[in-house]
Amino acid sequence: MESANMFKRIAYYMNPKRMDPKMVKLWTFWIGFNIVLFAVPRNMVEGTLWILIPLAGLFVYALVTKDVMQSLLMGTFSMYILWYKTGAVGGFFDDCLVSLSDVENIEMYMSFFLCGGIIIALKRSGATHSFTNFITTRFGKKEKMILASSGIYAGLMSVDDYVSALTSGAAFSPLIDAIKKPRLALAYVVRTFSICVSEMLPFGAWGYFVIFQIADSESVGSRAEATQLFVQSIPFMFYAIVACVIAFLFAVGLFPKIGPMKKAYQLADEGVQMGALEDGSEEEEEDFDENDARKQHISIWNLLLPMITIVVALLATGLDCFLAFGITAIVMGILYVLQGIFTIGEYVQCIVDGFVDMMDMVIILMIGYAMQEVMYAMGMEAFVESVCQAIPIVSLLPVLIFVFFSCSEYLYSLNYTLYQIAIPVLLVVLPHVGANVPLCLGALISAGLFGANACVVSDLGIISARACRVKVYDQYITSQPYFVIAAVVSAVLYLVAGFLFA
């Protein structure tokens with residue numbers, strides 16, 4: 001198009017004949033979908049199933065475009081159209097400000113930025129290269145050993161699931177590259193262990209948060225009572241247990257490669273990394289200069305000491321990720337500069353580049369938190385309560401809680417917000433209907449874990465994909481069969497347990 005006339009350009013580029021037919025159909029659906037949402041009265045939306053309808057549209061959009069950022073933005077805005085109508089734009093930006101002004105959110109964003117800098121410094125220093133050489137020299141290039149070790153490492157580091165996923169991906173992706181196996185396999189194992197083990201630890205980030213929500217319920221008298229109830233629910237976190245077992249069996253070669261994961265292995269045998277990043281960030285993988293004299297003979301402790309520092313700092317600061325990563329960044333800077341690996345300027349540049357590398361992930365999380373705000377406004381809490389009270393047979397409560405919230409979390413993973421909304425409500429409702437509280441609590445927690453694992457726009461999925469240097473959507477499709485199998489097995493277990501432990 002050679003014309004500078006704005007109207008001619010619009011007419012030219014918006015002509016459906018020049019567009020991808022798939023996108024024409026998607027946008028026809030999407031415009032009609034949002035018109036329907038706009039027409040639904042607010043009094044029909046509040047506290048009803050309508051709250052989840054925009055998530056279904058988001059899911060369709062994500063499947064067609066395979067673009068997480070675009071899908072999340074469009075799906076979020078649909079939710080604002082449903083609730084705020086003509087005030088959708090103002091409502092969205094108001095909630096973005098709420099998200100950005102929340103101290104905990106700011107600390108989380110800054111934690112990701114600092115962790116991005118730490119990861120780049122580990123790569124550019126040669127620390128991850130040294131780790132790769134150390135493992136391959138002693139254990140050979142054995143896929144089973146590497147994948148199993150990554151799962152064990154992720155589990156041990158899962159005092160915080162974000163820390164676990166980010167550091168596991170950074171440490172083990174060079175090993176996977178060295179043996180020419182798909183990073184998507186690593187992303188699946190790391191994602192599973194980092195989130196599921198973290199949830200089962202009372203002192204882990206997720207466990208600590210759930211205990212806090214239990215204690216916040218009107219029916220629970222103290223933090224000690226809440227901790228006891230959480231511990232009682234651990235054996236009933238069936239999804240966490242089953243998912244970890246399947247992931248470990250996959251890692252050691254006892255569970256088959258199925259669906260898209262099988263294709264990822266076939267492509268890897270041909271020298272192609274399925275889902276490899278193509279946005280320029282993949283170049284960071286090659287940023288280590290083996291010919292730089294300062295980066296020769298780098299000790300493996302240059303990777304281990306920062307990892308140890310993160311864990312110690314997390315425990316010492318009461319799981320304050322921002323402070324723990326800040327302390328680690330300082331320790332790493334001193335360690336690397338004193339060894340002559342970096343100048344101060346070079347190390348600072350690593351941190352700055354890490355901020356840039358994590359920017360897209362932080363934007364996705366920010367949009368997600370805005371969506372959570374509008375879901376609160378639409379009465380998600382009242383909706384959860386009505387769902388629980390509508391189940392007629394008490395023994396069916398565990399399986400129905402797991403299935404229902406697994407479906408809602410699959411469309412859009414609320415993660416912490418699901419527990420924040422549902423746990424205080426359930427702990428009041430469940431004793432009144434005579435349900436097994438630890439079993440039902442385990443079912444709700446498992447539903448949240450399934451969403452964190454299986455949802456295409458899950459924050460942990462985004463983090464593990466970034467850490468393993470793969471596209472979020474490709475990680476989503478290759479891991480799905482394993483997560484769904486774990487969910488089906490878990491549902492059966494909840495059905496049986498509902499009648500055995502009623």
Side-chain angles (χ1 to χ4, degrees), residues 131 135-136 138-173 175-176 178-179 181-201 204 206-207 234-262 264-265 268 307 406 442 445-446 448-454 458 460-461 463-465 467-468 470 475-494:
F131 181 76
I135 296 295
T136 54
R138 285 159 178 77
F139 302 108
K141 296 183 177 181
K142 297 178 181 178
E143 178 194 359
K144 295 177 183 178
M145 178 67 71
I146 292 171
L147 285 179
S149 298
S150 71
I152 294 170
Y153 175 93
L156 292 174
M157 291 291 290
S158 62
V159 64
D160 183 89
D161 55 319
Y162 291 163
V163 173
S164 174
L166 286 166
T167 58
S168 300
F172 284 89
S173 55
L175 294 174
I176 287 293
I179 63 174
K181 295 298 180 181
R183 289 179 220 152
L184 291 165
L186 173 67
Y188 158 60
V189 173
V190 165
R191 182 176 183 175
T192 303
F193 276 92
S194 58
I195 183 63
C196 291
V197 177
S198 179
E199 182 62 85
M200 292 188 286
L201 299 176
W206 276 64
I234 292 175
F236 298 119
M237 296 180 191
F238 295 146
Y239 178 81
I241 297 167
V242 173
C244 285
V245 169
I246 291 176
F248 188 78
L249 292 176
F250 171 86
V252 298
L254 296 178
F255 202 93
K257 283 80 176 176
I258 52 180
M261 186 67 79
K262 186 176 182 179
Y265 271 88
M307 299 299 102
S406 288
I445 291 170
S446 287
L449 292 176
F450 173 71
N453 266 345
S458 161
L460 188 73
I463 292 163
S464 57
C468 297
V470 295
Q475 178 189 234
Y476 162 75
I477 61 170
T478 52
S479 301
Q480 280 307 291
Y482 304 98
F483 295 145
V484 171
I485 289 170
V488 171
V489 173
S490 299
V492 173
L493 292 174
Y494 282 119

Requested in this report: Check Leu493 against Val242 and note the closest heavy-atom contact, atom names and distance.
Outcome: CD1-CG2, 4.0 Å
Query raised in the report: Are any non-hydrogen side-chain atoms of Ile485 and Ile258 less than 4.5 angstrom apart?
Result: yes
Report task. Could you tell me whether a side-chain N or O of Arg191 sits under 3.5 Å from a main-chain N or O of Ala465, the two making a donor and an acceptor? Result -> no
**Report entry** Side-chain (Tyr494) to main-chain (Gly442) donor-acceptor, under 3.5 angstrom
**Finding:** yes
Report task. Would you indicate whether the side-chain heavy atoms of Gln475 and Ser464 approach each other to under 4.5 Å? Result -> yes
Requested in this report: Taking the six-membered ring for Trp and the single ring otherwise, decide whether the centroids of Tyr188 and Tyr482 are under 6.0 Å apart.
Outcome: yes
Requested in this report: State, yes or no, whether a side-chain contact exists between Val252 and Leu147 at a heavy-atom distance under 4.5 Å.
Outcome: no
Report task. Answer whether the closest heavy-atom distance between the side chains of Tyr239 and Cys196 falls below 4.5 Å. Result -> yes
Report summary line: Closest heavy-atom pair, Ile234 versus Ile241, reported as atoms and distance to 0.1 Å, is O-CD1, 4.2 Å
Query raised in the report: Is there a donor-acceptor pair closer than 3.5 Å between any side-chain N or O of Ser198 and the backbone N or O of Ile195?
Result: no
Query raised in the report: Closest heavy-atom contact between Thr192 and Cys244?
Result: CG2-N, 4.0 Å
Query raised in the report: Under 3.5 Å, side chain of Ser479 to main-chain N/O of Tyr476, donor-acceptor pair present?
Result: no
Query raised in the report: Could Lys181 and Tyr265 be counted as a cation-pi pair, given that NZ or CZ must be under 6.0 Å from the ring centre and within 45° of the axis?
Result: no
Query raised in the report: What heavy-atom pair brings Met237 and Ile445 nearest, and what distance separates the two atoms?
Result: CE-CD1, 3.7 Å
